[in-house]
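Comments concern the structure below.
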Amino acid sequence: MPSNNNLKLQDNPYLAHRHPTQRDTGSSRSKSLGVKEPLYGFLPRKVNGDQVRRALEHEINPFTEQPHSAQYKEILDARKKLPVYAQMDDFYKMFTNNQIIVVVGETGSGKTTQIPQFIVYSDLPHTKGKIIACTQLRRVAAVSVAKRVADEMDVELGRHVGYSIRFENMTEPGTTLLQYMTDGMLLSEVMNDPNLERYSAIILDEAHERSLATDILMVLLKASAKKRADLKIIVMSATLDALKFQKYFSVRSNEAVPLFKVHGRTFPIEIFYTQEPEPDYVEAAIRTVLMIHRAEAPGDVLLFLTEEEEIEDVCLKIKLEADDLIDQDPDAVGPLTCIPLYSSLPPQQQQRIFDPAPPPRTKGGPLGRKIVVSTNVAETSLTVDGIVYVVDPGFSKQKVYNPRIRVESQLISPISKASAQQRAGRAGRTGPGKCFRLYTEKDFKNELEEQTHPEILKSNLSTAVLTLVKIGVKDLVRFDWMDAPAPETLMRALELLNYLAALDDEGNLTPLGCIMAEFPLDPQLAKMLIVSPEFKCSNEVLTIAAMLSVPNVWLRPNNQRREADAAKALLTIPDGDHLTMLNVYNEYVNNQHDRNWALTHYLSARALAQADNVRKQLERTMERFEMELVSLSDPVKIYQNVRQALVCGFFMQVAHKEGEKGNYLTVKDNQVVALHPSCGMDTQPEWVIFNEFVLTTRPYIRTVTEVRPEWLLEYAPTYFDLSSFLDGETKRALQRVVNKKAGKSNRDTTKDTRARTRKQKKNK
DNA sequence: CCTGAAAGT
C-alpha cells in the first residue's frame with residue numbers, strides 16, 4: 001500500500017472518520033494507515049537489524065521515496081544469501097557502541113558493497129547534512145562498486161549513491177549520501193578540510209594493502225576522531241593483520257578497537273612446495289605449467305612472473321613446448337593458449353584473459369587450457385575468473401627507495417607470506433584449487449617476510465610531506481605513523497622542499513609552497529610550472545608537466561623495434577627529451593583528426609589522452625591562482641626558456657659529464673650514471689638535468705635535457721653554493737663558470753660605467 | 001652504450 005501519495009490518502013475510507021487536525025504530520029498519517037514510513041522510528045546510529053530488515057522489505061525506497069522496482073526485489077534476494085547479511089544484528093550492535101571499528105573479511109565476502117549500506121541505514125547521514133565516504137585503491141573499483149551499490153539500493157548512480165575519482169565526479173551535492181572514492185581523492189580533500197567535516201562516517205577499504213594515501217589518511221583520521229566525537233571510522237582489511245589495525249586505532253594503550261569479522265565463502269586450496277630450492281625460477285615455472293597441462297584435471301592456470309619482457313618470453317616458450325607435446329602425441333594433451341597480462345597492455349588485449357580456454361581439437365578429445373602469465377596486477381587489481389591452478393615462483397618486481405642517493409629503483413625480490421597467500425587464493429574463487437609454490441616449505445616459513453613493506457617505507461615522500469605541512473602537521477618524525485618511514489627519507493623530503501623554497505629554513509610553508517601543494521604534481525614539477533610564466537613559456541611547461549605525469553608514451557613492440565625507433569627519431573628534438581615530449585604532444589594535438597596517428601607513430605594513444613586530461617586539470621588549477629598561460633613566438637627562444645624553467649624545478653637532478661666514455665656524475669650525490677638508451681640527444685652535453693634515475697642493468701638517467709651551467713648558478717644559487725661541493729671535476733667546472741662570469745661582469749660593469757658617464761656627458 | 005610493477009591526485 002502506498003504511503004506517501006496524497007491523492008490515494010484522500011481516497012482512503014479511513015481518513016473520512018479522522019479529525020482534520022490529525023492529518024498534519026507524516027508519521028501519524030502513516031501510522032493511522034498501518035503502513036509506517038520505511039524509516040519510521042529510526043534513531044540515527046541506534047538502529048537495529050530488525051528495523052533495517054523491515055525497511056529493506058518496505059515497498060517504498062526510504063531515500064528516493066519512490067516505490068521499489070521489481071529488479072530491487074531480485075537483487076535483495078541475492079544479497080540475503082551473502083553470509084554478511086545474517087550478521088546484520090551484530091554489526092549494528094558494534095556500530096552503535098563504538099566510534100572506530102575494524103572490519104575483516106576475505107575478497108568475495110561482500111564487505112565492500114554491504115557494510116557501507118548497513119552504515120547508511122543506521123547513520124542516516126542526510127539527516128545531519130553529511131555524507132558517508134568509502135575509499136577504494138583504484139579508480140575502476142570505485143566506479144564499479146558504486147554502480148553495483150546504486151543498483152542494490154535501487155537509486156540512480158550519481159544521485160543517492162555516487163563516486164568521486166580524479167577527472168570524474170559522479171555525485172550530487174545535497175542528494176548523495178554514500179560516496180565511493182579513491183583514497184588519493186580523499187587525501188586531496190583533506191588539504192582544504194583537515195577534519196573532513198563533510199563526512200559523518202569514513203570507511204577505509206583494503207587498508208591491508210597499505211597504499212601511501214591510506215597510510216596518511218589513517219594518521220589523520222585517528223587524530224580527527226579524537227577531535228570529532230561525531231565522526232565514525234570503519235577500517236576494512238584482509239584478515240591477516242587485523243590486530244595491528246585494532247591496536248593502532250585504540251585511543252588508550254592496550255585496548256584494541258573491536259573487530260568485526262565478515263564471514264565469506266572460500267574454497268579449499270591445496271598447496272604444494274618444491275623439495276629443493278629452484279635455481280632458475282623461469283625454467284621451473286615453464287616446467288610446472290607443462291606438468292599441469294599434461295597431468296592435471298581441466299582448469300585454467302595463472303602464473304606469476306615479474307616483468308613484461310620475461311612474461312612475453314615465457315609465453316612464447318610455453319607455447320612452443322606445448323606444440324611439441326601435441327606433435328609427439330596428439331591424443332595426450334589438449335590445445336593451450338598463453339595470455340600475457342601486465343598493466344601497460346592496451347585494455348583490449350587485457351580483455352583476452354576473459355576469453356574461454358580453446359575447445360578440444362577433435363570432438364571428445366582432450367580439453368583445452370588457458371594459461372595466464374601475469375605480473376602482480378593479477379594478485380590484487382585484476383581478477384581472472386575460473387583459475388584452478390596457481391604457479392607462484394615467489395618473486396615480484398618491487399620498488400626500493402634509497403634516501404641517501406634519492407633513488408627509487410625496481411628490484412626483483414622475494415614476495416612476502418601475505419602476498420604468497422593472496423596469490424594462492426586466486427586459485428579458489430570459483431571452486432577448490434591448487435597452488436604450486438616454486439620454493440621449499442622451509443624457505444616459505446623462514447625466509448619470506450610476513451608482510452610486504454608498505455608503500456610509505458619504499459617511496460620518496462616529498463609530495464606527502466608537502467601535503468602534511470600544508471594541513472599543519474608540525475613534527476613529521478614523531479607523527480603517529482602506523483609504520484614510521486626512515487627519518488632520513490623525511491629529512492630528504494624536507495630538504496628538497498626547502499631548496500625549492502616551498503618551506504622556509506624553519507620548516508614553515510611559504511606562500512609558494514602553499515600553491516605548490518595544490519597542484520597534483522611532484523614538487524619539482526609544480527615549482528617548474530609555477531615559475532614558467534616568468535619565462536613566458538607556461539603553455540609549453542604545462543604540456544611537459546602533464547607528459548611527465550603520465551606513463552611512458554613510447555611503444556616498442558618486440559618484433560617492431562626498428563620501426564618504432566625510426567618513428568621516434570622523426571619526432572625527436574635533439575636539445576633534450578623534455579622538448580621531444582613537448583613536440584610529441586603538439587603533434588598529437590595537431591593530428592587529432594587522424595585516428596591512427598598515435599598508432600602509426602608507435603605512441604600510446606591511451607597515455608597521450610591521459611596527458612591531455614592531466615593538462616586540462618592543471619590548467620584549471622593555474623586559473624585558480626591566476627597564473628598566465630603564455631608562449632613566445634620565437635622557437636629558439638622558447639626552447640631556451642623552457643629549459644631555464646626546467647632548471648628551476650630540477651636543479652637537484654643535474655649530472656655532469658666526466659671524461660669521454662659517456663659517464664656522467666650526478667651533482668652532489670656523485671653517482672656514476674649513463675644516459676638511458678631511450679635518450680634522444682645526438683650529443684653528450686656537458687651538463688644535463690634528468691627526470692629520473694633508474695637502476696636496471698646499470699644506473700641510468702632517463703628523460704634528459706641539456707642545460708647551461710650559468711643557469712644552475714643563477715636559478716639555484718643556494719644549491720650551487722660552491723663551498724657545499726666536494727672537490728672534483730664538477731666543482732672545478734662550476735668554478736670556471738663562476739670565474740668567467742665574474743671576469744665578464746667586471747668588464748661589463750666597467751663598460752657600463754663608461755657608457756653611463758658618456759651618456760651623462762652627452763645629456764649635459 | 002641498449003629499455004618500464006602496480007596504483008593515485
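Using a 4.0 Å heavy-atom criterion, one finds that A:S396 contacts no nucleic acid atom at all. Looking at heavy-atom distances under 4.0 Å, A:R138 makes contact with sugar-phosphate atoms alone, never a base. Using a 4.0 Å heavy-atom cutoff across all strands shown, A:Y342 reaches sugar-phosphate atoms only and no base atom. Residue contacts for A:R139: at a heavy-atom cut-off of 4.0 Å it reaches the sugar-phosphate backbone alone, with no base atom in range. Residue-level contact check: A:S211 touches neither bases nor backbone, having no heavy atom under 4.0 Å from any strand. Using a 4.0 Å heavy-atom distance criterion, A:L187 is classed as making no nucleic acid contact. Using a 4.0 Å heavy-atom distance criterion, A:T467 is classed as making no nucleic acid contact. Among the atoms of the strands shown, base atoms are found under 4.0 Å from some heavy atom of A:K399. A:N552 comes within 4.0 angstrom of a nucleotide base, judged by non-hydrogen atoms across all strands.
Within residues 603-616 of chain A, no residue places a heavy atom under 4.0 Å from DNA chain B.
Within 6.0 Å of CD in A:E197 there are more than 12 heavy atoms belonging to other residues, nucleotides or ligands. The 12-atom threshold is not exceeded at CZ of A:R562, counting heavy atoms of other residues, nucleotides or ligands nearer than 6.0 Å.
Residues meeting the side-chain contact (heavy atoms from CB on, under 4.5 Å) test with A:S144, sequence neighbours left out: none. Scanning for side-chain contact (heavy atoms from CB on, under 4.5 Å) contacts around A:T580 gives A:W554, A:T572, A:I573, A:V584, with sequence neighbours left out. Remark: A:E563 pairs with A:Q560, A:Y602 by the side-chain contact (heavy atoms from CB on, under 4.5 Å) rule, at least two apart or across chains. Applying the side-chain contact (heavy atoms from CB on, under 4.5 Å) test to A:P414 and every residue at least two apart in sequence or in another chain returns A:F395, A:L448.
Nucleotides of DNA chain B lying under 4.0 Å from heavy atoms of chain A occupy a range whose first and last members, 5' to 3', are B:dC2 to B:dT9.
Side-chain contact annotation: A:Q653 with A:Q524, donor-acceptor N/O pair under 3.5 Å present.
A:D313 and A:K317 are joined by a salt bridge, as a carboxylate oxygen and a charged side-chain nitrogen come within less than 4.0 angstrom of each other. Using a 4.0 Å cut-off between charged side-chain N and carboxylate O, A:D577 and A:R702 make no salt bridge.
Projected onto DNA chain B by closest heavy-atom contact, A:K397 and A:D183 fall at different nucleotides, the more 5' of which corresponds to A:K397.
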